[in-house]
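Have a look at the structure below before the remarks.
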Amino acid sequence: MDAPTLIARRIAQELRDGMLVNLGIGIPTLVANYVPAGVQVFFQSENGLIGTGPVPEEGMRQARLTDAGGRAVTALPGAATFDSAMSFGLIRGGHVDMTVLGGLEVDVTGRLANWTIPGKMVPGMGGAMDLVSGARRVVIAMQHTAKGKSKIVPRCRLPLTSVRAVDLVVTELAVIAFPDGRATLLEVAPGVAVADVLAATGAPLIVRDDVHPMPLTSEAIS
Amino acid sequence: MDAPTLIARRIAQELRDGMLVNLGIGIPTLVANYVPAGVQVFFQSENGLIGTGPVPEEGMRQARLTDAGGRAVTALPGAATFDSAMSFGLIRGGHVDMTVLGGLEVDVTGRLANWTIPGKMVPGMGGAMDLVSGARRVVIAMQHTAKGKSKIVPRCRLPLTSVRAVDLVVTELAVIAFPDGRATLLEVAPGVAVADVLAATGAPLIVRDDVHPMPLTSEAIS
Amino acid sequence: MKTIALEQAAALIPDGTSVMIGGFMGVGTPERLIDELVRRGTGGLTVIANDTAMPGVGIGKLMRAGLVRRAVVSHIGLNPETQQQMIAGKTDVDLVPQGTLIERIRAGGCGLGGVLTETGVGTVVEKGKRTITLDGTTYLVEPALRADFALVSAFLADYLGNLTYALTARNFNPVIAMAADAVIVDAEHIVPTGVIPPDHVMTPAPLVDYLVAH
Amino acid sequence: MKTIALEQAAALIPDGTSVMIGGFMGVGTPERLIDELVRRGTGGLTVIANDTAMPGVGIGKLMRAGLVRRAVVSHIGLNPETQQQMIAGKTDVDLVPQGTLIERIRAGGCGLGGVLTETGVGTVVEKGKRTITLDGTTYLVEPALRADFALVSAFLADYLGNLTYALTARNFNPVIAMAADAVIVDAEHIVPTGVIPPDHVMTPAPLVDYLVAH
């Protein structure tokens with residue numbers, strides 16, 4: 001299983017029936033493919049849609065129905081559309097139960113940097129700052145390292161997305177949470193030892209006694 | 001012609017084609033009966049309606065279509081309904097071109113008191129404070145005196161509705177504006193002399209050289 | 001979203017809680033929920049709404065039954081019973097300009113700390129409030145407002161909980177549906193999912209916690 | 001509301017003015033108006049919008065033509081040309097969190113001085129901003145934003161100027177339609193008054209100054 005698939009399948013385990021969920025671009029988008037059986041969630045696209053469905057079939061594209069990345073999507077029965085003020089009212093107001101976003105760095109207190117690398121990548125924060133400040137639960141989907149360097153860091157060197165700590169970080173190696181503001185290893189990926197995680201992590205991790213293997217949802221059906 | 005009719009007919013002269021207009025309860029409501037020929041205005045009810053029409057015919061009442069006083073109304077073709085946040089966005093945002101409201105006192109600088117008589121009448125301000133603060137043009141429709149006392153006063157003794165000066169006061173005797181923040185007599189009612197107005201007014205009025213009789217719209221057709 | 005019997009819905013609301021209630025002079029108020037609260041005698045309520053309607057109508061029923069300890073409203077002029085209870089000290093009445101009230105509720109529902117408005121500057125409304133001056137204009141800092149419950153009256157609700165409102169019965173309803181910990185909806189009609197087109201949904205389903213069964 | 005030819009509509013907009021433009025990654029952007037501005041070469045613009053779309057699409061056309069002096073947007077990640085112009089100093093880019101941007105525009109349109117938000121607290125977004133603490137929580141004071149013109153893309157417009165938007169093409173459009181001194185609308189379809197039911201109107205007619213003729 002490749003890293004993005006593993007991460008998406010683990011995060012899909014966090015989905016609960018009736019949740020309103022916002023998925024970022026990249027690995028987070030894959031989470032929609034692994035919704036557990038019997039769980040029904042609402043996916044929000046922050047450009048103004050709840051009930052975002054998969055990519056339309058050939059010939060069924062509607063130019064006025066896209067996700068936040070501008071890609072054509074479908075809408076499920078019971079979908080709702082709205083303007084951007086409402087969309088971010090939902091996000092900041094705590095109505096989004098969970099958001100899944102990519103990360104560049106997460107520090108040992110759970111603070112996230114994910115929107116810019118000054119001098120190199122300045123795309124703008126889009127909705128990321130509002131999502132991290134306002135969603136009830138913030139889950140970061142990211143590779144554990146980039147170019148051999150740990151993305152879990154003692155302190156973010158990149159500009160922060162929010163001072164609010166994220167709730168969960170899921171990588172291809174581990175699941176990390178931040179109880180009492182301290183990075184804590186909860187789970188390891190199948191076949192990965194705690195020592196492997198610690199070796200790959202450039203910051204101290206608290207290791208819980210009950211560290212266990214990641215639960216994963218089934219493979220996508222489609 | 002009774003005082004309310006006279007006042008309403010004079011104020012109707014202020015209507016311009018395409019205006020969005022909010023009418024308060026009482027004399028202001030009558031203004032809708034005297035819209036000049038060829039002028040089309042939008043009437044807003046602040047409970048969430050643009051395109052408010054007259055009282056419905058017998059048997060055509062819809063319980064979910066009322067004005068801000070809770071009375072059944074009709075809606076004209078091209079009407080729009082919206083929530084209260086939008087309604088007051090229109091009001092505070094300067095999108096209401098003119099509001100016509102009743103008054104208890106107006107002082108010589110144009111400040112209005114019209115929402116409470118402490119210890120006697122405490123109905124709440126409803127939308128009055130927002131209307132006076134936000135509408136582009138505020139016109140006060142009121143009798144010149146109450147129980148023999150002038151309602152134009154040197155200084156409001158009743159609690160203010162807003163610190164913003166109103167634009168025009170129309171009574172059964174006179175039309176008064178507030179250029180440079182000073183009460184100025186512009187017009188007198190038919191058959192009323194400037195001296196009559198001054199005698200009935202409990203505060204100094206600047207009298208313009210060109211004081212002239214009120215222009216009035218025709219009688220209501222209905 | 002859970003479908004729930006009327007009696008169960010009202011039973012969720014304990015004495016002494018805060019409830020936002022939709023409606024404007026009784027239009028767009030969830031009457032069945034009000035009636036059930038009166039029947040149960042749920043008391044000591046803080047009611048946040050546009051007004052207290054007329055005696056014996058909508059929120060006026062709660063007033064008449066003496067169930068309202070505090071009312072945060074813009075207008076009580078058409079309900080002399082509210083005025084009497086206020087004078088008698090039975091009900092505290094906080095009068096808030098209507099545009100400020102709806103905007104404070106919206107802020108509460110949209111995760112804003114509050115809004116800045118000129119409405120009320122220099123009047124009794126300013127009393128005890130913070131002000132802030134931006135570019136030479138002074139504004140009142142009006143803080144966000146939330147409640148434990150929102151009692152919403154809708155026209156259509158689909159099986160998922162998507163809502164529409166009709167004509168002037170919309171008023172405070174979609175705004176309070178964002179600003180309470182638990183949102184209870186009474187809809188005139190319950191319709192299959194898909195009957196309400198996406199562009200016509202006024203309150204999206206995830207905002208609704210309970211839909212009163214028919 | 002005046003009906004106006006496309007050429008006349010674009011001619012209303014002088015060089016150096018501020019324009020809010022609807023759309024999200026090019027979806028819901030009034031392309032005909034953009035094309036006409038490019039044809040005229042109306043330059044030195046301050047553009048307030050969610051993003052600058054993609055190269056050669058929507059607002060991306062204005063960027064490519066070098067007509068934008070300043071962009072107030074939340075995202076330029078899909079338009080490398082904007083990034084290049086920013087780095088070259090041809091275009092000033094103010095990056096604003098999307099929720100803050102739309103709320104500042106809404107405040108401008110709704111007569112609020114601004115809003116209080118936690119978004120951006122403790123980040124580079126806080127730089128130069130005032131903060132306020134209410135009940136122990138610190139918020140940024142985000143001031144209202146308005147423009148000289150709003151360029152709105154609608155789905156339906158009736159003869160009076162009532163508007164609807166379709167699906168995700170709504171985005172910034174109804175919000176900017178309240179926040180500019182002159183509102184110019186390009187609608188996909190113009191329909192008789194009454195075709196849009198009152199409950200479905202998303203932008204009421206009095207907000208529209210000009211409707212581009214078909």
Side-chain angles (χ1 to χ4, degrees), chain A residues 25 44-52 62-75 79-94 111-113 115-116 118-134 156 158-164, chain D residues 22-28 50-54 57-58 71 73-80 82-83 86-87 93-103 105-106 109-110 117-126 138 153 155 165-176 188 202-203:
Chain A
I25 294 171
Q44 180 205 31
S45 295
E46 66 256 36
N47 52 325
L49 173 63
I50 289 175
T52 312
Q62 160 55 250
R64 289 185 183 77
L65 185 57
T66 52
D67 67 13
R71 288 173 300 265
V73 291
T74 49
T81 51
F82 34 81
D83 68 28
S84 297
M86 175 66 168
S87 195
F88 281 83
L90 292 168
I91 288 169
R92 274 187 322 257
R111 289 188 175 185
L112 169 73
W115 70 277
T116 184
K120 195 171 155 194
M121 183 193 88
V122 192
M125 65 292 283
M129 287 190 171
D130 298 287
L131 280 161
V132 177
S133 300
C156 290
L158 297 174
L160 290 179
T161 304
S162 172
V163 292
R164 174 190 163 177
Chain D
F24 195 113
M25 297 299 166
V27 177
N50 181 60
D51 56 69
T52 58
M54 284 75 81
V57 173
V73 292
S74 80
H75 200 263
I76 58 172
L78 298 184
N79 194 334
T82 304
Q83 300 188 45
M86 179 174 70
I87 291 161
V93 178
D94 294 359
L95 293 171
V96 182
Q98 197 172 135
T100 299
L101 180 59
I102 194 70
E103 207 58 44
I105 296 169
R106 181 182 179 276
C110 290
T117 180
E118 286 186 79
T119 300
V121 169
T123 75
V124 295
V125 168
E126 183 174 326
T138 299
S153 169
F155 187 58
Y165 310 93
L167 299 166
T168 59
R170 194 180 326 185
N171 56 67
F172 275 48
N173 281 298
V175 186
I176 66 172
E188 181 78 4
M202 298 174 189
T203 294

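A quick note: this is a predicted structure, and the numbers were derived from the prediction, not measured. Below, chain A is the first sequence line, B the second, and so on; all start at residue 1.
Between D/T123 atom OG1 and A/R164 atom CZ the span is 15.0 Å, to the nearest 0.5 Å. Distance CZ/A/F82 to CZ/D/R170: 8.5 Å, rounded to 0.5 Å. Summarising the geometry, atom OG belonging to A/S45 is positioned 8.5 Å from atom CZ belonging to D/F24; distances are rounded to the nearest 0.5 Å.
Checked against side chain to side chain contact (heavy atoms under 4.5 Å, CB included), A/T161 has the following partners two or more places apart in sequence or in another chain: A/L112, A/N114, A/W115, A/A128, A/M129, A/V132.
Of the atoms belonging to D/L78, it is side-chain heavy atoms, and not backbone ones, that fall under 4.5 Å from chain A. Proximity to chain A is limited to the side chain of D/I102, based on heavy atoms less than 4.5 angstrom apart. Heavy atoms closer than 4.5 Å to chain D are found in both the backbone and the side chain of A/E46. Looking at A/L160, both its backbone and its side chain come within 4.5 Å of chain D, counting heavy atoms on both sides. Of the atoms belonging to D/V96, it is backbone heavy atoms, and not side-chain ones, that fall under 4.5 Å from chain A. Interface remark: D/F172 contributes backbone and side-chain atoms alike to the contact with chain A (heavy atom separation under 4.5 Å). For a residue to count as touching a neighbouring chain, one of its non-hydrogen atoms must lie under 4.5 Å from one of that chain's; by this rule A/S133 touches chain D with the side chain only. The contact between D/F155 and chain A is made entirely by side chain atoms (from C-beta outward), counting heavy-atom distances below 4.5 Å. Both the backbone and the side chain of D/P97 come within contact range of chain A, with heavy atoms under 4.5 Å apart. Of the atoms belonging to D/T82, not a single heavy atom falls under 4.5 Å from chain A. Heavy atoms of D/M54 lying under 4.5 Å from chain A are absent altogether.
In this structure the side chain of A/R64 reaches within 4.5 angstrom of the side chain of D/E188, judged on heavy atoms. In this structure, the side chains of D/E118 and A/V163 stay at 4.5 Å or more apart for every pair of heavy atoms. Taking the side chain as every heavy atom from C-beta outward, A/V122 and D/M86 approach each other to under 4.5 Å.
When each of A/A113, A/G119, A/G126 is scored by its heavy-atom pairs under 4.5 Å with chain D, the top score falls to A/G126. Chain A forms more heavy-atom pairs under 4.5 Å with one residue of D/G26, D/A53, D/G99, D/G120 than with any other, namely D/G99. The candidate with the highest count of non-hydrogen atom pairs below 4.5 Å against chain A, out of D/N50, D/I76, D/V73, is D/I76. Ranked by heavy-atom pairs under 4.5 Å with chain D, the first of A/T66, A/L131, A/L49, A/L65 is A/T66.
Side-chain atoms of D/R106 do not come within 3.5 Å of backbone N or O of A/A85 as any donor-acceptor pair. Without hydrogens or angle criteria, A/T81 side chain to D/T168 main chain gives no donor-acceptor distance under 3.5 Å.
Residue pairs that meet the salt bridge (Lys or Arg N to Asp or Glu O under 4.0 Å) test with at least one member in residues 79-92 of chain A, sequence neighbours left out, are A/R92-D/E103.
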Working for side-chain hydrogen bond (donor to acceptor under 3.5 Å, both in side chains), residues A/D130 and D/T119: CA-CA 5 Å; A/D130 298 287; D/T119 300; 2.9 Å; yes

